[in-house]
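Presented below is the structure to which this report refers.
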Amino acid sequence: MSGFELLDPALQHHIVNTLGWPGLRPLQEDSIPTIVGGDHALLLAPTAGGKTEAAVFPVLTRMQAQHWTGTSVLYVCPLKALLNNLGPRLGEYAAWVGRSAAVWHGDVGQSTRSRIVRDRPDILLTTPESIESILVSERVDALQFLGGLQAVVVDEVHAFAGDDRGWHLLAVIARLESLIGRRVQRIGMSATVGNPDELLEWLRGGSRSAGRVVSPPAPSPAVPEIVVDAVGNVENAAKVIAGLHRGEKRLVFVDSRRLAEELGTSLRNRGITTFISHSSLSAEQRRESETAFAEARDCVIVATSTLELGIDVGDLDRVIQINTPRTVSSFLQRLGRTGRRSGSTRNCLFLALDDARLAQTLGMLRCWASGWVEPVIATPEPRHIAAQQLLAAALQTRRVPLSGWQEQWGSLSLFDHDGQEILDHLLDMGFLDHDAGSAFIGIEAEKHFGRRHFMELLAVFTAAPEFRVFQGRSEIGMVDVGLLTEDVEGGRVLLLGGRSWLVTHIDWKRRHVYVEATDMDGTARWQSIPDGLSYEITRGVRSVLLGDLPPGVTLSRRATEALAGYRAQRSGEVDEGALVIERDRRGDWRWWTWAGEKANRTLAAWARDLVPGRQRIGAESIRLHSDLTVDDIKRGLAAVRVSSDRPVPLVDRNAVKGLKFSAALPEGLARRTLAVRMMDGAHAEQVLCEPVMFALRDG
């Protein structure tokens, strides 16, 4: 029997007659037996591969066959915008079998939430943070509302798994299972990842129930059109975008909100219909931009990664990338936005703003061309999430037993690292009080996390302080507090949503900024700490500098000339047969490891006798003490190779403050958590085993 034949008859009818599909895609066919059978599943397919239907159709079939009642399915997404985008589609699918769906997240008003609780839709589209808010709410009886839960579908699961939000998601699901007294089916959906079996194991959360990776071989796609150009600056990038592909719909990805604002403004100044989307714009502003872009033709939308994860902005003609995404996985997501229409080709134009970014682009593309994709690895030793979960559980149940307290998280390994020590610390420091064998929320927890009904406790990600910007009563977005405190001459002018705004008043207590439109040039800036380049991509850059080029990639004349000059400039830092340790013109030693930032931080910690403590560790090299001789360095590296004492990187107090919930951890455990996350021991060990050559620069 085919997968299609296993579906509910009403779904079969609507697939053929409403959607007009001649049949199901391979992923959709293959997923049905596993999901209808109740097993856990990880569904893998490129962007626009039909993953949503591959999960939802068999879940609805199971819902009908087993007569599920109440809210029986949670559909979890990492972005509220993605939930808003999917809500109508899932609502339509559910209605085909007489069921319903609703969206619940932080932007949904209280009256709508009350109606959802009263009517209990069959499918609830939500976020992990909103699930936990339901669990701890005094207004919602979580057991009554979610007591019928049977399955959890996690969209873009890779976006959770490599981040602390993944641990939070698994912990919340485990507490839900403890509340309702049974395990639920877990279904994850993802684009291509490098370690699907491990990702499925992570999603199962320690469950021994059967699970399967569903990833049918896809037909070989047409060779994508990949072009790399070197443009030098933002104005030149705007000139190229404005001059190319007139009449087409273009999605431009950038790596920062500031760059999105600057490029969007420059394009508008050139008469290009331009929209902007990034996380600091208000939900209404983003929605207006994305809707207008989806309905237009000759236009550009400039976006950060907010449009990477599945949000539908209509048929695209072109994807343009300013500089390069930091992962192959992100590139695949963005490339998959194009080539969806019959007769069209997947494409991406890279515009590098400087020579270093040009080399990074080619290094990333070299990894992509070789078929390599990053493995998704859960963040190690999540002690701060363990502390958060203990406090959240105390809010939910009002009392946490001091004996057997881990049982409500089932087999989840969240507390494998120092769980009892964390609980003891919470008790000792007054975050939890205890009486008669149970712990409950203490005064220190209320002091640190109690504002706005403990909302700070329910979000595991850390955001820099931002102020809301209003024109009259309309919210435009958010700006970094630094823009409001730096010295300026004349009026303070902000750049937000691709337009300039003159600040007329700042309400410091409420964190509100009031503005009016202006023709003066505005400024955009946000605090952010991007992840460093990986070992694989950094090694890709090294290969490019040694003369390699990714196959299937076209370089413009400008890019070819810029690359030739950059290779000549950096020729002394790479060698085909060895890593270079170079004495530069200033007399400093530089060890060109080409190992990525995490491996270099690890090497710097292991080789502390060779490495000055105060330096910014990058992806390509490590600075060594200038007074060392060649023999000193050789002996030092030899000692590190055989040493059993491998210290972790030092973590300063300011960094600890940046770890969410660090106040609820002993400082030593917080430092250890951060230090382990800064490391890449496997690649550091690999670098230590590679031959080195010493070089001296003239001058």
Side-chain angles (χ1 to χ4, degrees), residues 326 356 360 363 377 379-381 529-542 545 570 572-575 578-659 667-695 697:
R326 290 184 173 268
Q360 288 175 14
I377 300 173
T379 49
E381 303 186 19
I529 304 174
D531 292 334
L533 287 181
S534 66
Y535 171 89
E536 289 80 7
I537 292 179
T538 309
R539 283 297 166 106
V541 174
R542 177 175 179 263
L545 293 178
R570 306 201 64 182
E573 299 161 5
V574 290
D575 182 84
L579 299 178
V580 175
I581 299 180
E582 171 196 45
R583 173 84 81 175
D584 65 23
R585 293 184 178 91
R586 294 180 300 179
D588 290 330
W589 285 109
R590 180 73 62 172
W591 181 14
W592 293 98
T593 61
W594 302 97
E597 290 190 19
K598 285 190 174 183
N600 278 349
R601 282 196 292 265
T602 307
L603 290 165
W606 290 354
R608 284 180 181 167
D609 291 342
L610 301 177
V611 179
R614 290 188 176 273
Q615 66 171 293
R616 181 188 175 281
I617 301 294
E620 299 175 353
S621 67
I622 303 171
R623 183 165 55 86
L624 306 180
H625 285 295
S626 58
D627 59 354
L628 295 171
T629 66
V630 170
D631 286 341
D632 291 337
I633 296 172
K634 288 180 177 178
R635 283 193 296 269
L637 292 179
V640 174
R641 290 186 191 104
V642 300
S643 174
S644 59
D645 179 21
R646 296 282 179 83
V648 299
L650 295 175
V651 176
D652 65 31
R653 186 159 292 177
N654 288 330
V656 170
K657 291 178 182 177
L659 181 69
E667 185 172 315
L669 291 187
R671 286 177 183 267
R672 173 74 190 181
T673 297
L674 283 175
V676 168
R677 293 171 174 218
M678 295 166 62
M679 299 182 70
D680 178 0
H683 287 125
E685 190 75 54
Q686 193 171 325
V687 170
L688 283 173
C689 296
E690 294 184 71
V692 298
M693 62 169 288
F694 289 82
R697 284 207 180 183

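- Applying the salt bridge (Lys or Arg N to Asp or Glu O under 4.0 Å) criterion to E381, with sequence neighbours excluded, gives R383, R672.
- Residues L533 and R326 meet the side-chain proximity criterion, which asks for heavy atoms closer than 4.5 Å.
- Within the structure, salt bridge (Lys or Arg N to Asp or Glu O under 4.0 Å) pairs that include any residue of residues 678-693 comprise R539-E690, R646-E685 (at least two apart or interchain).
- Within the 4.5 Å cutoff, the side chain of L610 has no heavy atoms near those of the W591 side chain.
- Scored by the side chain to side chain contact (heavy atoms under 4.5 Å, CB included) test, A356 finds D354, Y566 as partners (sequence neighbours excluded).
- Within 6.0 Å of the CG atom in D609, the count of heavy atoms belonging to other residues, nucleotides or ligands does not exceed 12.
- Note that the CZ atom of R677 and the CG atom of L659 stand 7.0 Å from one another [nearest 0.5 Å].
- Between the side chain of D632 and the backbone N or O of T629 there is at least one donor-acceptor pair closer than 3.5 Å.
- Atom CG in L624 sits 9.5 Å away from atom CZ in R583 (nearest 0.5 Å).
- Residues K634 and V692 are not in side-chain contact: their nearest non-hydrogen atoms beyond the backbone lie 4.5 Å or more apart.
- I617 contributes atom CD1, which lies 6.5 Å from atom CG of N600 (distance to the nearest 0.5 angstrom).
- Applying the salt bridge (Lys or Arg N to Asp or Glu O under 4.0 Å) rule to R608 yields no partners; only residues at least two apart in sequence or on another chain are considered.
- Residues S626 and D588 approach most closely at CB-OD1, 3.5 Å, considering heavy atoms.
- Partners of D575 under the side-chain hydrogen bond (donor to acceptor under 3.5 Å, both in side chains) rule, at least two apart in sequence or in another chain, do not exist in this structure.
- Residues I537 and Q360 approach most closely at CG2-O, 4.4 Å, considering heavy atoms.
- W594 and W592 have their aromatic ring centers within a separation under 6.0 angstrom.
- When all heavy atoms of P647 and A605 are compared, the closest pair comes out as CG-O, 3.3 Å.
- Residues that satisfy the salt bridge (Lys or Arg N to Asp or Glu O under 4.0 Å) test with R542, not counting sequence neighbours, are absent from this structure.
- Summarising the geometry of T538 relative to A595, their closest heavy-atom pair is CG2-N, 4.0 Å, with the distance given to 0.1 Å.
- Between L628 atom CG and R635 atom CZ the span is 10.0 Å, to the nearest 0.5 Å.
- Partners of A638 under the side chain to side chain contact (heavy atoms under 4.5 Å, CB included) rule, at least two apart in sequence or in another chain, are R641.
- Looking only at side-chain heavy atoms (C-beta outward), E573 and V580 stay at 4.5 Å or farther from each other.
- The aromatic rings of F694 and W589 sit perpendicular to each other, their planes meeting at more than 60°, with 30° as the lower class boundary.
- With sequence neighbours excluded, no residue satisfies salt bridge (Lys or Arg N to Asp or Glu O under 4.0 Å) with R590.
- Looking at residues two or more places apart in sequence or on another chain, you find a side chain to side chain contact (heavy atoms under 4.5 Å, CB included) between M679 and T602, W606, V648, P649.
- For residues 618-627, the salt bridge (Lys or Arg N to Asp or Glu O under 4.0 Å) pairs, not counting sequence neighbours, are R570-E620.
- For the atom pair CG of L579 and OG of S621, the computed distance is 11.5 Å after rounding to the nearest 0.5 Å.
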